[in-house]
Number of protein chains: 2
Amino acid sequence: MTQTYTIKEVAERFDLTISTIHYYDKQGLLPFVAKNEAGYRVFTQSDLNFIHTICCLKNTGMPIKDIRHYITLCMQGTSTIEKRKLLLLAHKEKIARQQQQLRENMQEVDFKIDRYSSVAVKEEVAGEIAFVTQEKKALGLPSPFRQ
Amino acid sequence: MTQTYTIKEVAERFDLTISTIHYYDKQGLLPFVAKNEAGYRVFTQSDLNFIHTICCLKNTGMPIKDIRHYITLCMQGTSTIEKRKLLLLAHKEKIARQQQQLRENMQEVDFKIDRYSSVAVKEEVAGEIAFVTQEKKALGLPSPFRQ
DNA sequence: ATAAACCCTAAACCTAGGTTTATAGCAACG
DNA sequence: CGTTGCTATAAACCTAGGTTTAGGGTTTAT
């Protein structure tokens, strides 16, 4: 017999809550999930494949309405293949920009950590405080430190 | 004379809106920004340095309350250097996990794009649809395609 | 056959991170 | 000196992405 999964099993497998799956269904992300006579959702293996894709898009910051658009295209058969590809290519660009952004900011954080790891860090930070204070003073403004 | 900047200039430089700067100030992210006699914010060069750091932390997903904590530590002088360093090290780990997550999911997206770029894509997708439909049918469930 | 565990929907609620609106005080230009 | 533009605060409003609650069926284990 073909295996099926309950909503609880799916939630555990993808580290989602049952509520989140309900929410995704209501948002039109799970049109492929069927229900049994009792009205319970019945998840098949291919449903899990779709949900894996949904999580992948979600984890890379795609908004729910765009994921819905992608899934809707998938449900429309082979005629939408080119559209799906373009949608994913555009998303790939977005991911690449996120990666670039993270790389740049990671460098800044690393730079600060390095500074905080220097043997002369106390002197350096004290010097910075002195500079800021002097800059403010020259303008007749109060120092922001030790409030 | 030491240069200063208006809120508008700061907003433009960091690609924020004036409202966002007001909001950040209200959230305690800008305790270092002084005001002139008229109550206008006066931004110095070192204020811009702090704001640069704030944007860097924000762009890597640090929540506002954590940024506020970091800034508060900065305002308390050299005694908090170790705490600041630990805070940034923890954040660096979070960035690294985000990078790992993006890398993995990017691979999946690439894999899908490759599939959609195959010469036999139409046959492959049709086969997938057939498989899903058969799997559902075996369970007495309807096919989700072409709704 | 009944308690415990599980599933359903609908609707209210929540949080983060802003944005908008209303009202009013300065500033700079012609 | 008035008009236009910039700035301020407070408070209401907004959006995304869920979460919680309420009320009610279903399934499973004892």
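Each chain gets a letter, A, B and so on, in the order its sequence line appears, and its residues count up from 1. Quantities reported herein were computed from a predicted structural model and do not represent experimental measurements.
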Asks: Measuring from the side chain of B:Lys26 (C-beta onward, heavy atoms only), which nucleotide among C:dC7, D:dA10, C:dT19 has the closest atom?
Replies: D:dA10
Asks: Just by distance, no angles: are the side chains of B:Arg97 and B:Gln100 close enough, under 3.5 Å, to form a donor-acceptor pair?
Replies: no
Asks: Got a donor-acceptor contact below 3.5 angstrom from the A:Ser143 side chain to the A:Thr133 backbone?
Replies: no
Asks: Ignoring backbone atoms, test whether A:Thr6 places a side-chain nitrogen or oxygen under 4.0 Å from the OP1 or OP2 oxygen of C:dC7.
Replies: yes
Asks: For B:Lys65, report the nucleic acid contact type (base, sugar-phosphate, nothing); a contact means any heavy atom under 4.0 Å.
Replies: nothing
Asks: Compare the minimum distances between each of D:dT7, C:dT19, C:dC7 and the side chain of B:Thr20, then state the nucleotide with the smallest one.
Replies: C:dT19
Asks: Side chain of B:Lys8 only, please: which of D:dG17, D:dC6, C:dC6 is the nearest?
Replies: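 For the B:Lys8 side chain, the nearest candidate turns out to be D:dC6.
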Asks: D:dT9, C:dC7, C:dA11: which one has an atom nearest the side-chain heavy atoms of B:Arg41?
Replies: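 Looking only at heavy atoms from C-beta outward on B:Arg41, the closest nucleotide is D:dT9.
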Asks: Has B:Lys35 got a side-chain N or O lying under 4.0 Å from the OP1 or OP2 atom of D:dT9?
Replies: yes
Asks: Among D:dT7, C:dC7, D:dT19, find the nucleotide with the atom closest to the side chain of A:Ile18.
Replies: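 Of the options given, the side chain of A:Ile18 lies nearest C:dC7.
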Asks: If only atom types and distance count, is the side chain of B:Glu135 paired as donor or acceptor with the main-chain N or O of A:Ser46 below 3.5 Å?
Replies: yes
Asks: Nearest nucleotide by nearest heavy atom, which residue falls closer to the 5' end of DNA chain C, A:Val42 or B:Pro63?
Replies: A:Val42
Asks: Whole-Å distance between C:dA5 C1' and A:Ile7 CD1?
Replies: 15 Å
Asks: Given atom CG of B:Asp25 and atom C1' of D:dT9, what is their separation to the nearest angstrom?
Replies: 11 Å
Asks: What pair of heavy atoms forms the shortest contact from A:Leu73 to A:Lys83, and how long is it?
Replies: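 Heavy-atom minimum between the residues: CD1-CB, 3.9 Å.
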Asks: Roughly, in whole Å, what's the span from CD in A:Gln27 to C1' in D:dT19?
Replies: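 Checked: the CD to C1' distance equals 13 Å.
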Asks: Please convert DNA chain D into dot-bracket. A pair counts if it is Watson-Crick or G-U wobble with both distances under 3.5 Å; crossing pairs go in [ ] and bases paired with another strand get |.
Replies: ||||||||||||||||||||||||||||||
Asks: What's the CD-P distance between A:Glu9 and C:dC7, to the nearest Å?
Replies: 8 Å
Asks: Polar atoms only, N or O, under 3.5 Å: list the protein pairs with nucleotides 20-26 of chain C and their distances.
Replies:
residue: C:dG25; atom: N2; partner: B:Tyr40; partner atom: OH; Å: 2.4

Asks: Could you check whether B:Arg84 makes a cation-pi contact with A:Tyr116, meaning its NZ or CZ is under 6.0 Å from the centre of the six-membered ring and within 45° of the ring axis?
Replies: no
Asks: Measure NE2/B:His22 against P/D:dC6 and give the value in whole Å, please.
Replies: 14 Å
Asks: Go through the side-chain N and O atoms of B:Asp114 and B:Ser117 and say whether any donor and acceptor fall under 3.5 Å apart.
Replies: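 Result is no, nothing qualifies.
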Asks: Looking only at side-chain N and O atoms, does B:Thr17 come under 4.0 Å of OP1 or OP2 in C:dT19?
Replies: yes
Asks: Can you tell me which residue among B:Glu108, B:Glu128, B:Glu123 is in a salt bridge (charged side-chain N to carboxylate O under 4.0 Å, His left out) with B:Arg115?
Replies: B:Glu128
Asks: Tell me the interatomic distance from A:Arg68, atom CZ, to D:dG17, atom P, rounded to whole angstroms.
Replies: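 Value for this atom pair: 10 Å.
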Asks: In this structure, how many angstroms lie between the P atom of C:dA28 and the CG atom of B:Asn36, rounded?
Replies: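 Taking atom P of C:dA28 as the reference, CG of B:Asn36 is at 11 Å.
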Asks: Within the side chain of B:Arg68, is there an N or O that forms a donor-acceptor pair under 3.5 Å with the backbone of B:Gln27?
Replies: yes
Asks: Would you say B:Ile21 and B:Asp25 make side-chain contact, with heavy atoms under 4.5 Å?
Replies: no
Asks: Could you check how far OH of A:Tyr23 sits from C1' of C:dA12, rounded to whole Å?
Replies: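 Taking OH of A:Tyr23 and C1' of C:dA12, I get 15 Å after rounding.
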Asks: Taking atom CD of A:Gln107 as the centre, report whether more than 12 heavy atoms of other residues, nucleotides or ligands fall under 6.0 Å from it.
Replies: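 Open: at most 12 neighbouring heavy atoms sit under 6.0 Å from CD of A:Gln107.
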